[in-house]
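Beneath this line is the structure, given in C-alpha coordinates, with notes to follow.
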Amino acid sequence: MDTAERLDLVTQYAEEVIEEDELRELLEAEDDPSVYIGYAPTGEMHIGHFTTIRKLADFLQADLDVTVLVADLHAHLDDEKSPFDLLDARTEYYQEAIEGMVEAAGANPDDISFVRGMDYQLDEEYSLELYRMAAETTLARSQRAASEVVRESESPNLGGVIYPLMQSLDVKSLDADIAYGGIDQRGIYMLSREMLPEHGHDKPVCLFAPLLAGLTGDKMSSSKDASKVNLTDDPDTVESKIDDAYCPMGEVEDNGVLEYVRYLVFPVLDEWDDSFVVERPEQYGGDLVYERYEELEADFESEELHPADLKSATGSYISEVIDPVRKRLTSQSDLLAKAYPESHE
RNA sequence: CCGCCCUUAGCUCAGACUGGUAGAGCAGUCGACUGUAGAUCGACUUGCCCCCCGUUCAAAUCGGGGAGGGCGGACCA
(Lines give C-alpha, C1' and ligand atoms only; values in the text may rest on other atoms or scores of the structure.)
Protein backbone atom coordinates (compact mmCIF):
# COMPACT_ATOMS: atom_id res chain seq x y z
CA MET A 1 0.00 0.00 0.00
CA ASP A 2 1.47 3.36 -0.96
CA THR A 3 1.52 6.49 1.11
CA ALA A 4 -1.35 8.14 -0.73
CA GLU A 5 -3.58 5.16 -0.07
CA ARG A 6 -2.65 5.04 3.58
CA LEU A 7 -3.18 8.76 3.92
CA ASP A 8 -6.57 8.38 2.40
CA LEU A 9 -7.55 5.59 4.78
CA VAL A 10 -6.32 7.46 7.80
CA THR A 11 -8.07 10.70 6.93
CA GLN A 12 -11.35 9.49 5.48
CA TYR A 13 -14.38 10.63 7.47
CA ALA A 14 -12.17 12.91 9.56
CA GLU A 15 -13.27 16.37 10.56
CA GLU A 16 -9.82 17.92 10.67
CA VAL A 17 -6.15 16.99 10.41
CA ILE A 18 -3.43 19.09 12.04
CA GLU A 19 -1.41 19.15 9.85
CA GLU A 20 -1.92 17.05 6.78
CA ASP A 21 1.65 17.64 5.59
CA GLU A 22 3.01 16.37 8.87
CA LEU A 23 0.86 13.28 8.55
CA ARG A 24 2.08 12.60 5.05
CA GLU A 25 5.68 12.94 6.14
CA LEU A 26 5.05 10.65 9.05
CA LEU A 27 3.53 7.97 6.85
CA GLU A 28 6.43 8.25 4.48
CA ALA A 29 9.04 8.05 7.20
CA GLU A 30 7.53 5.27 9.31
CA ASP A 31 6.18 1.85 8.46
CA ASP A 32 3.94 1.72 11.49
CA PRO A 33 3.45 5.07 13.18
CA SER A 34 1.55 5.01 16.44
CA VAL A 35 -1.89 6.50 16.97
CA TYR A 36 -3.76 6.66 20.22
CA ILE A 37 -7.21 7.60 21.40
CA GLY A 38 -8.29 7.94 25.01
CA TYR A 39 -11.70 7.32 26.50
CA ALA A 40 -12.54 8.39 30.02
CA PRO A 41 -14.79 5.66 31.41
CA THR A 42 -17.67 7.82 32.59
CA GLY A 43 -21.23 7.24 31.37
CA GLU A 44 -22.38 4.28 29.34
CA MET A 45 -20.96 4.12 25.85
CA HIS A 46 -23.29 4.91 23.00
CA ILE A 47 -23.37 5.07 19.27
CA GLY A 48 -21.52 8.39 19.25
CA HIS A 49 -18.44 6.55 20.44
CA PHE A 50 -18.82 4.25 17.51
CA THR A 51 -17.85 7.04 15.10
CA THR A 52 -14.38 7.29 16.55
CA ILE A 53 -13.94 3.58 17.17
CA ARG A 54 -15.04 2.59 13.69
CA LYS A 55 -12.07 4.46 12.30
CA LEU A 56 -9.66 2.31 14.26
CA ALA A 57 -10.34 -0.33 11.63
CA ASP A 58 -9.05 2.10 8.99
CA PHE A 59 -5.93 2.75 11.04
CA LEU A 60 -5.17 -0.95 11.35
CA GLN A 61 -5.63 -1.37 7.66
CA ALA A 62 -3.20 1.47 7.05
CA ASP A 63 -0.66 -0.36 9.24
CA LEU A 64 -0.78 2.03 12.14
CA ASP A 65 0.07 0.90 15.62
CA VAL A 66 -3.19 1.51 17.49
CA THR A 67 -3.45 2.12 21.23
CA VAL A 68 -6.64 2.72 23.16
CA LEU A 69 -6.18 4.40 26.50
CA VAL A 70 -8.90 3.79 29.04
CA ALA A 71 -8.33 6.97 31.01
CA ASP A 72 -9.72 5.93 34.36
CA LEU A 73 -8.20 8.73 36.40
CA HIS A 74 -9.51 11.29 33.92
CA ALA A 75 -13.01 9.94 34.47
CA HIS A 76 -12.72 10.90 38.11
CA LEU A 77 -10.84 14.17 37.60
CA ASP A 78 -13.60 15.50 35.39
CA ASP A 79 -15.94 16.68 38.12
CA GLU A 80 -16.04 13.17 39.57
CA LYS A 81 -18.14 11.95 36.69
CA SER A 82 -17.13 8.48 37.81
CA PRO A 83 -16.91 7.83 41.54
CA PHE A 84 -13.46 6.63 42.47
CA ASP A 85 -14.58 3.20 43.57
CA LEU A 86 -16.37 2.48 40.31
CA LEU A 87 -13.31 3.08 38.14
CA ASP A 88 -12.32 -0.59 37.99
CA ALA A 89 -15.75 -1.74 36.94
CA ARG A 90 -16.18 1.00 34.37
CA THR A 91 -12.74 0.41 32.90
CA GLU A 92 -13.59 -3.22 32.41
CA TYR A 93 -16.92 -2.35 30.83
CA TYR A 94 -15.35 0.23 28.50
CA GLN A 95 -12.75 -2.17 27.24
CA GLU A 96 -15.40 -4.78 26.55
CA ALA A 97 -17.66 -2.30 24.76
CA ILE A 98 -14.78 -0.90 22.73
CA GLU A 99 -13.67 -4.38 21.69
CA GLY A 100 -17.23 -5.09 20.65
CA MET A 101 -17.36 -1.97 18.51
CA VAL A 102 -13.99 -2.73 16.90
CA GLU A 103 -15.30 -6.14 16.03
CA ALA A 104 -18.53 -4.69 14.67
CA ALA A 105 -16.41 -2.42 12.48
CA GLY A 106 -14.80 -5.49 10.97
CA ALA A 107 -11.44 -5.46 12.73
CA ASN A 108 -9.78 -7.70 15.27
CA PRO A 109 -9.68 -6.24 18.81
CA ASP A 110 -6.52 -8.25 19.50
CA ASP A 111 -4.65 -6.01 17.08
CA ILE A 112 -5.18 -3.06 19.40
CA SER A 113 -3.23 -2.41 22.60
CA PHE A 114 -5.33 -1.40 25.53
CA VAL A 115 -3.68 0.65 28.24
CA ARG A 116 -5.17 1.75 31.49
CA GLY A 117 -4.36 5.27 32.68
CA MET A 118 -3.41 4.59 36.27
CA ASP A 119 -1.04 1.85 35.22
CA TYR A 120 1.53 4.53 34.37
CA GLN A 121 0.09 7.89 35.41
CA LEU A 122 1.17 7.41 39.00
CA ASP A 123 4.79 6.70 38.13
CA GLU A 124 7.38 9.01 39.60
CA GLU A 125 8.58 10.29 36.24
CA TYR A 126 5.06 11.06 35.07
CA SER A 127 4.14 12.80 38.30
CA LEU A 128 7.18 15.01 38.29
CA GLU A 129 6.60 16.01 34.68
CA LEU A 130 2.98 16.78 35.50
CA TYR A 131 3.96 19.09 38.36
CA ARG A 132 6.36 20.88 36.05
CA MET A 133 3.60 21.37 33.51
CA ALA A 134 1.30 22.67 36.23
CA ALA A 135 3.92 25.18 37.23
CA GLU A 136 4.20 26.58 33.75
CA THR A 137 0.52 26.72 32.82
CA THR A 138 -1.96 29.39 33.82
CA LEU A 139 -5.40 28.47 35.07
CA ALA A 140 -6.97 30.34 32.18
CA ARG A 141 -4.89 28.50 29.59
CA SER A 142 -5.76 25.12 31.00
CA GLN A 143 -9.44 25.92 31.38
CA ARG A 144 -9.64 27.16 27.83
CA ALA A 145 -7.99 24.00 26.54
CA ALA A 146 -10.43 21.76 28.37
CA SER A 147 -13.57 23.82 28.00
CA GLU A 148 -15.21 21.55 25.43
CA VAL A 149 -14.35 18.40 27.32
CA VAL A 150 -14.50 18.93 31.05
CA ARG A 151 -17.89 19.53 32.64
CA GLU A 152 -18.41 23.20 33.29
CA SER A 153 -19.54 24.30 36.68
CA GLU A 154 -19.93 27.46 38.69
CA SER A 155 -17.29 26.18 41.05
CA PRO A 156 -14.81 24.21 38.99
CA ASN A 157 -12.52 21.70 40.65
CA LEU A 158 -8.77 21.50 40.31
CA GLY A 159 -9.22 18.15 38.63
CA GLY A 160 -10.55 19.84 35.54
CA VAL A 161 -7.43 21.89 34.99
CA ILE A 162 -5.06 19.00 35.64
CA TYR A 163 -7.01 16.98 33.11
CA PRO A 164 -5.64 18.57 29.92
CA LEU A 165 -2.10 18.53 31.28
CA MET A 166 -2.33 14.82 31.91
CA GLN A 167 -3.85 14.20 28.54
CA SER A 168 -0.92 16.01 26.95
CA LEU A 169 1.51 14.00 28.96
CA ASP A 170 -0.26 10.82 27.90
CA VAL A 171 0.74 11.53 24.32
CA LYS A 172 4.36 11.43 25.43
CA SER A 173 4.01 8.46 27.77
CA LEU A 174 2.31 6.38 25.13
CA ASP A 175 4.85 7.61 22.60
CA ALA A 176 2.10 8.51 20.16
CA ASP A 177 2.85 10.06 16.80
CA ILE A 178 -0.80 10.79 16.21
CA ALA A 179 -3.35 11.96 18.76
CA TYR A 180 -6.80 10.96 17.66
CA GLY A 181 -10.18 11.92 19.11
CA GLY A 182 -13.45 13.72 18.58
CA ILE A 183 -13.25 17.32 17.47
CA ASP A 184 -14.18 18.34 21.02
CA GLN A 185 -10.63 17.32 21.98
CA ARG A 186 -9.11 19.96 19.73
CA GLY A 187 -8.47 22.50 22.48
CA ILE A 188 -6.56 20.01 24.58
CA TYR A 189 -4.38 18.75 21.77
CA MET A 190 -3.53 22.26 20.65
CA LEU A 191 -2.21 22.75 24.17
CA SER A 192 -0.27 19.51 23.75
CA ARG A 193 1.31 20.78 20.57
CA GLU A 194 2.35 23.90 22.42
CA MET A 195 3.76 22.17 25.45
CA LEU A 196 5.19 18.83 24.42
CA PRO A 197 8.22 20.15 22.52
CA GLU A 198 9.39 21.65 25.83
CA HIS A 199 8.90 18.29 27.48
CA GLY A 200 10.89 16.06 25.21
CA HIS A 201 8.30 14.87 22.72
CA ASP A 202 7.42 15.90 19.17
CA LYS A 203 4.25 17.78 18.43
CA PRO A 204 1.67 15.10 17.76
CA VAL A 205 -0.18 15.06 14.48
CA CYS A 206 -3.81 15.57 15.48
CA LEU A 207 -6.68 13.83 13.84
CA PHE A 208 -10.24 14.65 14.77
CA ALA A 209 -13.46 12.81 14.09
CA PRO A 210 -16.71 14.72 13.75
CA LEU A 211 -19.17 14.67 16.61
CA LEU A 212 -22.47 13.42 15.34
CA ALA A 213 -25.54 15.59 15.68
CA GLY A 214 -28.09 14.32 18.17
CA LEU A 215 -31.38 12.84 17.09
CA THR A 216 -33.40 15.57 18.76
CA GLY A 217 -32.12 18.45 16.68
CA ASP A 218 -29.39 19.63 19.02
CA LYS A 219 -26.06 18.23 20.15
CA MET A 220 -25.91 14.60 21.08
CA SER A 221 -25.78 14.39 24.82
CA SER A 222 -24.99 11.34 26.87
CA SER A 223 -27.47 12.50 29.48
CA LYS A 224 -30.30 12.80 26.97
CA ASP A 225 -31.51 9.37 26.11
CA ALA A 226 -33.60 10.33 23.09
CA SER A 227 -30.70 12.12 21.42
CA LYS A 228 -28.69 8.97 20.88
CA VAL A 229 -28.84 5.25 20.33
CA ASN A 230 -27.40 3.17 23.15
CA LEU A 231 -25.34 0.10 22.41
CA THR A 232 -27.70 -2.04 24.41
CA ASP A 233 -30.91 -0.69 22.89
CA ASP A 234 -32.99 -3.51 21.47
CA PRO A 235 -34.06 -3.29 17.80
CA ASP A 236 -37.50 -1.87 18.65
CA THR A 237 -35.96 0.88 20.76
CA VAL A 238 -33.43 1.74 18.08
CA GLU A 239 -36.14 1.97 15.47
CA SER A 240 -38.41 4.10 17.58
CA LYS A 241 -35.58 6.48 18.49
CA ILE A 242 -34.70 6.94 14.83
CA ASP A 243 -38.36 7.32 14.03
CA ASP A 244 -38.73 10.07 16.64
CA ALA A 245 -35.67 11.92 15.36
CA TYR A 246 -35.67 15.49 14.12
CA CYS A 247 -35.37 15.18 10.37
CA PRO A 248 -36.76 17.95 8.18
CA MET A 249 -37.38 17.06 4.57
CA GLY A 250 -34.55 18.08 2.25
CA GLU A 251 -32.48 19.50 5.09
CA VAL A 252 -28.94 18.15 5.02
CA GLU A 253 -27.24 20.29 7.67
CA ASP A 254 -27.17 19.05 11.28
CA ASN A 255 -29.39 16.14 10.41
CA GLY A 256 -28.66 13.40 12.92
CA VAL A 257 -30.23 10.66 10.87
CA LEU A 258 -28.16 11.48 7.80
CA GLU A 259 -25.01 11.68 9.89
CA TYR A 260 -25.66 8.24 11.33
CA VAL A 261 -26.05 6.96 7.80
CA ARG A 262 -22.91 8.68 6.59
CA TYR A 263 -20.51 7.94 9.40
CA LEU A 264 -21.77 4.60 10.66
CA VAL A 265 -23.92 2.77 8.19
CA PHE A 266 -22.07 3.40 4.95
CA PRO A 267 -18.58 2.66 6.28
CA VAL A 268 -19.78 -0.61 7.73
CA LEU A 269 -21.77 -1.52 4.61
CA ASP A 270 -18.59 -0.83 2.69
CA GLU A 271 -16.82 -3.34 4.88
CA TRP A 272 -19.60 -5.86 4.18
CA ASP A 273 -19.58 -4.97 0.50
CA ASP A 274 -23.28 -4.22 0.64
CA SER A 275 -25.44 -1.37 -0.59
CA PHE A 276 -28.03 0.71 1.24
CA VAL A 277 -31.55 -0.35 0.39
CA VAL A 278 -34.56 1.81 1.16
CA GLU A 279 -37.75 -0.17 1.07
CA ARG A 280 -40.38 2.25 -0.14
CA PRO A 281 -44.06 1.61 -0.71
CA GLU A 282 -45.11 1.45 -4.38
CA GLN A 283 -47.34 4.50 -4.00
CA TYR A 284 -44.27 6.60 -3.30
CA GLY A 285 -42.18 5.14 -6.07
CA GLY A 286 -40.87 1.79 -4.81
CA ASP A 287 -37.50 0.73 -3.43
CA LEU A 288 -34.28 2.71 -3.75
CA VAL A 289 -30.72 1.37 -3.72
CA TYR A 290 -27.64 3.43 -2.91
CA GLU A 291 -24.02 2.46 -3.38
CA ARG A 292 -22.57 5.66 -1.97
CA TYR A 293 -23.64 8.12 0.67
CA GLU A 294 -23.38 11.06 -1.70
CA GLU A 295 -26.11 9.60 -3.91
CA LEU A 296 -28.40 9.21 -0.94
CA GLU A 297 -27.74 12.71 0.29
CA ALA A 298 -28.45 14.16 -3.14
CA ASP A 299 -31.79 12.37 -3.27
CA PHE A 300 -32.65 13.52 0.20
CA GLU A 301 -31.76 17.09 -0.59
CA SER A 302 -33.88 17.06 -3.73
CA GLU A 303 -36.71 15.57 -1.64
CA GLU A 304 -36.79 12.47 -3.82
CA LEU A 305 -36.05 10.52 -0.64
CA HIS A 306 -38.64 11.21 2.06
CA PRO A 307 -37.56 11.35 5.73
CA ALA A 308 -40.03 8.64 6.71
CA ASP A 309 -38.55 6.16 4.24
CA LEU A 310 -35.02 7.13 5.18
CA LYS A 311 -35.82 6.61 8.84
CA SER A 312 -37.23 3.14 8.54
CA ALA A 313 -34.22 1.99 6.51
CA THR A 314 -31.76 3.69 8.83
CA GLY A 315 -33.35 2.24 11.93
CA SER A 316 -32.89 -1.31 10.82
CA TYR A 317 -29.36 -0.77 9.50
CA ILE A 318 -28.23 0.89 12.72
CA SER A 319 -29.74 -1.93 14.66
CA GLU A 320 -27.91 -4.43 12.50
CA VAL A 321 -24.61 -2.57 12.81
CA ILE A 322 -24.68 -2.51 16.60
CA ASP A 323 -26.01 -6.04 16.92
CA PRO A 324 -22.63 -7.69 17.72
CA VAL A 325 -21.95 -5.10 20.41
CA ARG A 326 -25.41 -5.45 21.84
CA LYS A 327 -25.05 -9.22 22.05
CA ARG A 328 -21.63 -8.97 23.62
CA LEU A 329 -22.81 -6.55 26.29
CA THR A 330 -26.18 -8.03 27.10
CA SER A 331 -24.62 -11.46 27.53
CA GLN A 332 -22.54 -10.00 30.34
CA SER A 333 -25.13 -8.04 32.23
CA ASP A 334 -23.05 -8.26 35.40
CA LEU A 335 -20.46 -5.96 33.78
CA LEU A 336 -23.03 -3.21 33.37
CA ALA A 337 -24.57 -3.85 36.76
CA LYS A 338 -21.22 -3.41 38.47
CA ALA A 339 -20.25 -0.35 36.45
CA TYR A 340 -23.60 1.41 36.75
CA PRO A 341 -25.27 0.05 39.86
CA GLU A 342 -27.87 2.78 39.91
CA SER A 343 -29.30 2.17 36.47
CA HIS A 344 -28.78 -1.61 36.29
CA GLU A 345 -29.80 -3.17 39.57
C1' C B 1 -10.02 29.15 63.05
C1' C B 2 -14.12 32.98 62.50
C1' G B 3 -18.38 35.13 59.87
C1' C B 4 -22.20 35.23 56.14
C1' C B 5 -25.20 32.84 52.28
C1' C B 6 -27.40 28.48 49.80
C1' U B 7 -29.99 23.35 49.77
C1' U B 8 -37.86 22.82 47.11
C1' A B 9 -40.07 18.66 40.32
C1' G B 10 -35.13 15.78 35.62
C1' C B 11 -33.03 21.34 35.21
C1' U B 12 -33.33 26.81 36.65
C1' C B 13 -35.83 28.76 40.49
C1' A B 14 -40.46 31.18 43.24
C1' G B 15 -42.93 30.25 47.93
C1' A B 16 -40.30 31.22 54.08
C1' C B 17 -40.71 37.74 56.89
C1' U B 18 -47.09 37.21 58.08
C1' G B 19 -47.24 28.32 59.89
C1' G B 20 -52.91 25.72 57.13
C1' U B 21 -48.93 19.15 54.14
C1' A B 22 -46.24 23.34 46.96
C1' G B 23 -45.96 26.43 42.29
C1' A B 24 -43.76 28.68 37.47
C1' G B 25 -40.62 28.26 33.20
C1' C B 26 -37.95 24.65 30.63
C1' A B 27 -37.77 19.34 29.95
C1' G B 28 -40.96 14.94 29.60
C1' U B 29 -45.60 12.02 28.15
C1' C B 30 -50.08 11.74 25.15
C1' G B 31 -53.33 13.55 21.37
C1' A B 32 -54.52 16.99 16.76
C1' C B 33 -52.07 18.66 12.21
C1' U B 34 -48.48 16.97 8.79
C1' G B 35 -46.59 10.53 4.46
C1' U B 36 -41.25 11.35 9.47
C1' A B 37 -39.58 14.40 13.16
C1' G B 38 -39.79 19.58 14.40
C1' A B 39 -42.85 24.07 14.78
C1' U B 40 -47.95 25.12 16.36
C1' C B 41 -52.36 24.02 19.19
C1' G B 42 -54.86 20.95 23.16
C1' A B 43 -54.39 17.86 27.48
C1' C B 44 -51.46 15.42 31.18
C1' U B 45 -47.53 13.76 34.54
C1' U B 46 -43.73 14.91 38.02
C1' G B 47 -41.88 15.95 44.65
C1' C B 48 -38.58 11.73 51.62
C1' C B 49 -39.58 20.82 50.17
C1' C B 50 -31.18 17.97 52.55
C1' C B 51 -31.37 15.01 57.50
C1' C B 52 -32.61 14.66 62.88
C1' C B 53 -34.90 16.73 67.21
C1' G B 54 -38.24 20.35 69.18
C1' U B 55 -42.53 24.20 69.43
C1' U B 56 -47.64 23.83 67.60
C1' C B 57 -54.19 21.33 66.58
C1' A B 58 -50.99 22.05 62.20
C1' A B 59 -43.98 23.04 59.95
C1' A B 60 -41.06 23.62 53.21
C1' U B 61 -42.11 27.95 56.45
C1' C B 62 -40.60 28.99 63.49
C1' G B 63 -36.34 27.19 67.20
C1' G B 64 -32.02 23.88 68.08
C1' G B 65 -28.50 20.41 66.15
C1' G B 66 -26.19 18.07 61.90
C1' A B 67 -24.66 17.18 56.60
C1' G B 68 -23.33 19.00 51.81
C1' G B 69 -22.09 23.33 48.80
C1' G B 70 -20.64 28.54 48.01
C1' C B 71 -18.41 33.33 49.47
C1' G B 72 -15.44 36.29 52.54
C1' G B 73 -12.15 37.32 56.58
C1' A B 74 -8.32 36.19 59.77
C1' C B 75 -3.60 33.78 60.31
C1' C B 76 1.16 34.90 57.43
C1' A B 77 6.86 36.68 64.12
Side-chain angles (χ1 to χ4, degrees), chain A residues 42-44 46-48 76-86 139-140 143 147-148 150-162 211-230 232-266 276-290 293 295-322 340-345:
Chain A
T42 53
E44 286 184 51
H46 53 79
I47 200 152
H76 187 62
L77 283 175
D78 183 2
D79 201 30
E80 299 179 280
K81 278 180 182 168
S82 287
F84 195 76
D85 56 8
L86 287 181
L139 276 178
Q143 277 176 324
S147 62
E148 291 295 314
V150 167
R151 177 146 66 199
E152 60 175 32
S153 145
E154 273 180 52
S155 41
N157 290 10
L158 286 185
V161 294
I162 296 172
L211 296 189
L212 298 198
L215 293 175
T216 47
D218 40 25
K219 286 225 163 73
M220 187 184 306
S221 149
S222 44
S223 57
K224 241 182 118 179
D225 209 49
S227 78
K228 62 183 203 299
V229 168
N230 291 321
T232 48
D233 284 344
D234 59 60
D236 285 348
T237 308
V238 174
E239 282 171 34
S240 87
K241 279 183 180 176
I242 299 289
D243 199 49
D244 286 345
Y246 172 79
C247 187
M249 177 146 60
E251 179 66 56
V252 169
E253 296 295 311
D254 296 322
N255 187 319
V257 179
L258 279 182
E259 292 193 2
Y260 275 35
V261 171
R262 177 180 196 173
Y263 292 106
L264 296 169
V265 178
F266 268 96
F276 190 97
V277 179
V278 178
E279 291 178 17
R280 189 167 64 170
E282 279 307 324
Q283 70 176 119
Y284 298 121
D287 295 357
L288 293 164
V289 180
Y290 297 102
Y293 169 76
E295 301 164 8
L296 182 150
E297 187 186 277
D299 266 8
F300 187 81
E301 194 162 21
S302 69
E303 304 188 3
E304 163 66 19
L305 174 59
H306 190 277
D309 298 321
L310 172 68
K311 281 181 172 181
S312 64
T314 305
S316 47
Y317 277 119
I318 293 285
S319 193
E320 207 178 326
V321 166
I322 67 168
Y340 304 95
E342 287 180 6
S343 44
H344 298 268
E345 301 166 56

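In what follows, chains carry the letters A, B, and so on, assigned in the order in which the sequence lines appear, proteins first and then strands, with residues in each chain numbered from 1. What you are looking at is a predicted structure, and each value in this text was computed from that prediction instead of being measured.
- If you take atom P in C71(B) and the same atom in C13(B), they sit 15 Å apart, rounded to whole Å.
- Residue whose closest nucleotide on RNA chain B sits further toward the 5' end, between A245(A) and N157(A): A245(A).
- Using C1' as the reference atom, G25(B) and U34(B) are 28 Å apart when rounded to the nearest Å.
- Minimum heavy-atom separation, L212(A) to E259(A): CA-OE1, 3.2 Å.
- Straight-line distance between the C1' atoms of A22(B) and U46(B): roughly 13 Å, to the nearest whole Å.
- Proximity note for A308(A) (side chain, C-beta onward) versus G70(B), G35(B), G38(B): the nearest is G35(B).
- Using bins of under 30°, 30° to 60° and over 60° for the plane-to-plane angle, the ring pair Y293(A)/F266(A) lands in the perpendicular bin.
- The shortest heavy-atom contact between P248(A) and F300(A) is O-CZ, 3.4 Å.
- Base pairing of A43(B) is made with U29(B), judged by Watson-Crick or G-U wobble geometry with both donor-acceptor distances under 3.5 Å.
- Rounded to whole Å, the separation between the P atoms of G65(B) and G72(B) comes to 26 Å.
- G10(B) sits 16 Å from U45(B) when the P atoms are compared, rounded to a whole Å.
- Searching all strands for a Watson-Crick or G-U wobble partner of G54(B) with both distances below 3.5 Å returns C62(B).
- For CD of E303(A), the number of neighbouring non-hydrogen atoms (other residues, nucleotides, ligands) closer than 6.0 Å is greater than 12.
- Nucleotide C75(B) is matched to nothing when pairs are restricted to Watson-Crick or G-U wobble geometry with both distances under 3.5 angstrom.
- Across all strands shown, C6(B) is found opposite G68(B) as a Watson-Crick or G-U wobble partner, with both distances under 3.5 Å.
- The 5' end of RNA chain B is approached more closely, in terms of each residue's nearest nucleotide, by A226(A) than by the other of A226(A) and R280(A).
- Side-chain N or O atoms of K81(A) include none that pairs as donor or acceptor with a backbone N or O of H76(A) at under 3.5 Å.
- Pair assignment for C49(B) gives none, since no Watson-Crick or G-U wobble pairing has each distance under 3.5 Å.
- One atom, OH of Y284(A), and another, C1' of G35(B), lie 4 Å apart when rounded to the nearest Å.
- For U34(B), there is no paired nucleotide, since no Watson-Crick or G-U wobble pair has both relevant distances below 3.5 Å.
- One C1' atom belongs to G15(B), the other to G47(B), and the distance between them is 15 Å to the nearest Å.
- Here, C62(B) and G19(B) have their P atoms 9 Å apart, quoted to the whole Å.
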Would R151(A) and E80(A) satisfy salt bridge (Lys or Arg N to Asp or Glu O under 4.0 Å), going step by step from the backbone distance to the final call?
CA-CA 10 Å; R151(A) 177 146 66 199; E80(A) 299 179 280; over 6 Å; no
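- Across U56(B) and A14(B), the matching C1' atoms stand 26 Å from one another, rounded to whole Å.
- In this entry the distance linking CD of Q283(A) with P of G35(B) reads 11 Å, nearest Å.
- Spacing between atom CG of D309(A) and atom P of U36(B) amounts to 11 Å, rounded to whole angstrom units.
- Under the Watson-Crick and G-U wobble criteria, each requiring two contacts below 3.5 Å, nucleotide A22(B) is left unpaired.
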